[in-house]
Amino acid sequence: MAKEYDFKATEKKWQDYWYNNRVFEVSEDTKKPKFYALIEFPYPSGSGLHLGHIKAFSSMEIIARKKRLEGYNVLFPIGYDAFGLPTENYAMRTKLHPRQVTDRNIEMFEKQLKSIGYSFCWERTVDTTDPDFYKWTQWIFLKMFEKGLAYKSHTNVNFCPECKVVLANEESQGGVCDRCGSDVVQREKDVWFLKIRDYAEKLLDGLSEVDFPERIKIEQQNWIGRSEGAEITFNVKEKNNLHSCQLEVYTTRPDTLYGVTFLVVSPEHPILDEFAQYIENAEEVLAYREQARNKKEFDRLNMNKEKTGVVVKGIFAKNPVTSAKLPIFTADYVMLGYGTGAIMAVPAHDQRDWDFAKKYKLKIIQVIEGGNIKEEAYVAKDSGRLINSPLINGLTVKEAIPKMTGYLKLRGLGGPKTDYKMKDWAFNRQRYWGEPIPIINCPHCGQVPVPFEELPLKLPELEDITPTDDASSPLSKCTDWVSVKCPKCGADAKRETDTMPQWAGSSWYFLRYMSPQDANFAVNPDAYKYWGQVDWYNGGMEHVTRHLIYSRFWNRFLYDIGVITHKEPYARRSAQGLILGSDGEKMSKSKGNTVDTAEVLDMYGADVLRAFILFLGDYEKPAPWQADGIKGCVRFFNRIWNLTDLLSDKPCDTSDLNLDALIKKVDDDYESVKFNTAIAAVMTAVNTIYNRGLVTLNEFKTILLLVYPIAPHMTSELYHNVFNGYIEQEMFPQYDELKLISDTVEIPVQEAGKLRGRIVVPVDSDEATVIKEIKRLGIIKNRKITKSIYVKNRIINLITSVDWVDSFKDD
RNA sequence: GCGACCGUGGCGGAAUUGGCAGACGCGCUGGACUUAGAAUCCAGUAUUGACAAGAUGUAUGAGUUCAAGUCUCUUCGGUCGCACCA
């Protein structure tokens, strides 16, 4: 009987061995193929590693360990996305410096990650809050500024009164703050933006050359939200012709231009200011604007709500094709941020316009055949026919759209226009713990970049880092730091006091891993030439519309300015599903359904924890935690541990276990993120061996190597005990294609689709042989086979009829 | 409202992509070894049936097919994303 497996001692022993001997540290080695496996680096929060981290990291851990056994030079780095609000808030509460908090948390994370046995390249660890790192974050920002992609603009922004920061669109979905859940309010502010919209088309195109799950591509496409339409120019006049100007509207349905009966502009629309002195009910209009501004975004977006609006008296618009006079409304169902902030309303064919027209008793003109516009708007399909539209009568919608757009363009009344839902990226926070934006505001020269040589522009030491109520950055309190001479003209100037948002560092960290210490380049060109693109990136679905888009954007920008040579940062991306509480709900402290990682680790060890998390179910789908189920993995590993008792050099019959098929199954499953079925396959093999009672040395070694990526501690120990070497110096098992097929095959016999029995025949047997065997075994009695469908080596299905002669013969 | 995904035993989940439904694991039942068992091993475990032949069975109802968990349509239920996007 083998000695008890002491997981605590064994795991400690191998972790010490790996980390002290730099087993996973790598350098560029052109003699070996490279493989870059990446996980989303963690935010080093005070609560430490949770099960989700372990699930997220374990997939790439398995791939990294496997690829090394396959002869790849594997870059599998780790780092910390350490700027951010939780650290800052905690620091304020405890009167510690965020630096101290961050360092302490990073230290804790490193210890915890090492206790799981991850094979990270520890010497390449990056920390986004390290000035040597954020020097290059600032450098990239300045490059964007240089190219006109970073600009400051005075606008209405989403503001969280609780966190006291401006939020990006991505962070205020549903009108609530992404982080604290408070209602977001609108505020006017000077805000830095990155022109991600300029990259909308490139970000869409890039999706076709990467291997991402379809759902991720779709989410990104929806987020970018490309729509093809037209911009149409309407003339707007004061009723006595005292003032006029042009108003652009955006529409995807220029074919319905004859059906326009009014225009609607968003309450913030500048045309209301343009005509301010002529608007007869200016007070009412301004009051409405004020009301819309103060409305919580959530209410404004709640579309069950009845539509409201105000007619703008004293001005009207002219339909460019009919010259009809159109009233102008302002209503909050039109958003300033999308299109032109103004629409042409076609109540006959748009439900929102229809609702509005009904409420305010406006004209409804049908221009496409069909539906019943007295009851509801008729949203026509491509094949609908135009009516009441002299220029395009009789055409289908599909034909009418380009014709109308072309007509408008010819007359200078508009033309085709592509629009995107994605807005420019609000790129600043009014908080301390972030990268300072390296810009100097000079009274003479305007915005002047901090010279490259002066980077990193370090965060100044600051006694009080609390944000101010007027929503300006705590850095503004640090007057020594703020006051500076303009690098251009030498005049007294002031530093930008806003910091970058948390997403900045993570937008390019994967490049820094390639040459983390390089003092001259964000990414060293030689290192980049070798490591290049990330081969496989695993992360969460929650980052698909933020981090994943932002980092693709930065990567593409760096490509455009010649810093790097791959358009896309990640060749392949996978996404783990959440681990839910045992009640099937999302884990949360308030629900009390969380699992203490340290406790599980202490009770069962790292190998079991890693294996069980992957065994829970489909890796890419959410799965509830099953506290009892972990025993299955404990037993499985104990059985592997005790296989040494069954080791034998005597020849034994191994025909019950097709080792080549097992290798192929596990290999394929690892590569396609199906860890649960890979583990199940090895479990089956181990069960088979136990039933047999003996295991060959070759089988034993193969099983160790197959399980090694998941359970490296135990398999290292077993390998060392039995083979006297280091398992990581072995090769991953290879399978022989020829041995995947045995000489005989079992074929199910169906009668009209119902299973009647099974026969064993030589591989590739023809139909006659199979039927002969079926008759020999008497599987089909008393019936005559009238038809048979035979799929070679798979199945045979017989259609039969009762045949008395046959039945007598059989008797 | 739009988009994507999903619904399989007591539970988590498998199913070579149209070809033996329920792999593997938990739990449960019985047995073995034990003073003992939360250890370990063996056997059984979808439902129904004389625990025999068989019949039924993948949310629902229809359809395609020699053959449907898998494809098409219907209804119901759930998860996620976007959302007055013009």
Side-chain angles (χ1 to χ4, degrees), chain A residues 1 4 173-175 213-223 225-227 229-230 249-253 256 264 266 300-305 307 331-335 337-346 349-353 355-356 419-422 541-542 544-545 577-578 580 582 584 586 612 615-618 620-636 638-639 642 665 668 674 676-687 690-691 746-758 786-791 793-799:
Chain A
M1 189 66 192
E4 258 322 273
Q173 294 172 30
E214 207 46 39
R215 59 183 173 147
I216 291 185
K217 290 191 181 185
I218 290 168
E219 255 190 57
Q220 293 217 342
Q221 279 161 5
N222 289 346
W223 187 258
R226 181 193 158 101
S227 87
V249 307
Y250 178 73
T251 178
T252 53
R253 298 295 305 279
T256 59
V264 187
S266 73
R300 182 158 167 185
L301 295 184
N302 181 358
M303 65 174 206
N304 295 328
K305 174 186 67 78
K307 295 198 170 22
D332 62 8
Y333 80 91
V334 175
M335 306 285 146
Y338 185 73
T340 60
I343 62 158
M344 57 179 222
V346 185
H349 304 292
D350 181 292
Q351 193 59 44
R352 289 157 303 175
D353 299 342
D355 293 342
F356 195 81
D419 208 352
Y420 304 93
K421 285 187 209 171
M422 182 170 69
M541 282 307 285
E542 68 276 20
V544 166
T545 51
L578 285 179
L580 306 170
S582 38
K586 223 179 239 183
F612 183 57
F615 188 64
L616 278 175
D618 185 337
E620 309 217 80
K621 288 200 193 114
W625 177 257
Q626 301 243 287
D628 287 339
I630 199 165
K631 284 181 206 152
C633 286
V634 174
R635 286 175 192 153
F636 170 53
N638 280 337
R639 280 158 76 87
N642 290 322
K665 169 76 179 158
D668 290 353
K674 291 159 86 176
N676 55 336
T677 49
I679 294 169
V682 182
M683 283 174 167
T684 310
V686 170
N687 291 346
Y690 266 86
N691 286 336
E746 190 186 67
I747 292 189
V749 179
Q750 291 183 336
E751 188 179 3
K754 296 219 159 68
L755 185 69
R756 290 294 178 226
R758 299 184 175 88
T786 52
K787 190 181 173 186
S788 74
I789 298 96
Y790 173 54
V791 183
N793 300 331
R794 271 282 171 75
I795 198 163
I796 184 160
N797 192 11
L798 304 169
I799 309 303

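All chains are named by letter (A, B, ...) in the order of the sequence lines, taking the proteins before the strands, and each is independently numbered beginning at 1.
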Tell me which of A:Ile679 and A:Lys665 sits closer to the 5' end of RNA chain B, going by the nucleotide each one is nearest to. A:Lys665
Taking B:G12, B:C20, B:G19 as options, the one with an atom nearest any side-chain atom of A:Val791 is B:G19
Do any N or O atoms from the side chain of A:Gln220 and from the backbone of A:Val544 form a donor-acceptor pair under 3.5 angstrom? yes
Consider the side chain of A:Gln626, meaning its heavy atoms from C-beta on, and name the nucleotide among B:C24, B:G12, B:C42 that approaches it most closely. B:G12
Among B:C42, B:C84, B:G3, the nucleotide that comes nearest once only the side chain of A:Asn222 is considered: B:G3
Counterpart base for B:A15, defined by Watson-Crick or G-U wobble contacts under 3.5 Å: none
Could you tell me whether the phosphate oxygens of B:C85, OP1 or OP2, come under 4.0 Å of any side-chain nitrogen or oxygen in A:Arg352? yes
Does B:A43 have a Watson-Crick or wobble mate here (both distances under 3.5 Å), and if so which one? B:U29
A:Asp350 side-chain N/O to A:Val346 backbone N/O, donor-acceptor pair under 3.5 Å: no
Can you label the angle between the A:Tyr333 ring and the A:Phe356 ring as parallel, tilted or perpendicular, going by 30° and 60°? tilted
Could you check which nucleotide pairs with B:U64 in any of the strands shown, counting Watson-Crick or G-U wobble with both distances under 3.5 Å? none
Base, sugar-phosphate, or nothing for A:Glu746, non-hydrogen atoms under 4.0 angstrom? base
Partner nucleotide of B:G22 by Watson-Crick or wobble geometry (both distances under 3.5 Å): none
Taking only N and O in the side chain of A:Asn687, is any of them less than 4.0 Å away from OP1 or OP2 of B:A23? no
Residue closer to the 5' end of RNA chain B, A:Thr252 versus A:Lys631 (nearest nucleotide): A:Lys631
CE of A:Met335 to CD1 of A:Ile343, rounded to nearest 0.5 Å, is 10.5 Å
Quick one: does A:Asn797 reach the base of B:C66 with a side-chain donor-acceptor pair under 3.5 Å? yes
How should the glycosidic conformation of B:G57 be described, syn or anti, under the criterion that syn lies within 90° of 0? anti
Using only side-chain N and O atoms of A:Asn676, determine if any of them is under 4.0 Å from OP1 or OP2 of B:A14. yes
Atom pair distance, as rounded to whole Å: CG in A:Asp618 and P in B:G25: 19 Å
Which of the following nucleotides, B:C85, B:A86, B:G25, is nearest to the side chain of A:Val334? B:A86
Do any side-chain nitrogens or oxygens of A:Arg639 fall under 4.0 Å of OP1 or OP2 in B:C41? yes
OP1, OP2 of B:G27 versus side-chain N and O of A:Arg635: anything below 4.0 Å? yes
Have a look at A:Lys674 and say if it touches a base, only the backbone sugar-phosphate, or nothing, with a 4.0 Å heavy-atom cut-off. sugar-phosphate
Is there a donor-acceptor pair under 3.5 Å between the side chain of A:Asn797 and the backbone N or O of A:Gly753? yes
Please classify the nucleic acid contact of A:Glu219 as base, sugar-phosphate, or nothing, using heavy-atom distances under 4.0 Å. sugar-phosphate
With both distances under 3.5 Å as the test, what is the Watson-Crick or G-U wobble partner of B:C51? none
Does any nucleotide pair with B:G9 by Watson-Crick or G-U wobble geometry, both distances under 3.5 Å, and what is it? none
Look up atom CG in A:Asp618 and atom CG in A:Asn676, then write down how far apart they are to the nearest 0.5 Å. 6.0 Å
Which of the following nucleotides, B:G3, B:C66, B:G19, is nearest to the side chain of A:Lys787? B:C66
Give the nucleotide from the list B:A14, B:C84, B:U16 with an atom nearest to the side chain of A:Lys307. B:C84
Can you tell me how far P in B:A55 sits from the matching atom in B:A59, rounded to whole Å? 22 Å
Rounded to whole Å, CD of A:Glu542 lies from P of B:U79 at a distance of 19 Å
pair_partner(B:U58), Watson-Crick or wobble, both distances < 3.5 Å, evaluates to none
Looking at B:U79, which nucleotide sits across from it as a Watson-Crick or G-U wobble partner, both distances under 3.5 angstrom, or is there none? B:A4
Please classify the glycosidic conformation of B:U17 as syn (within 90° of 0) or anti (everything else). syn
It should be established whether A:Tyr338 places a side-chain nitrogen or oxygen under 4.0 Å from OP1 or OP2 of nucleotide B:A86. yes
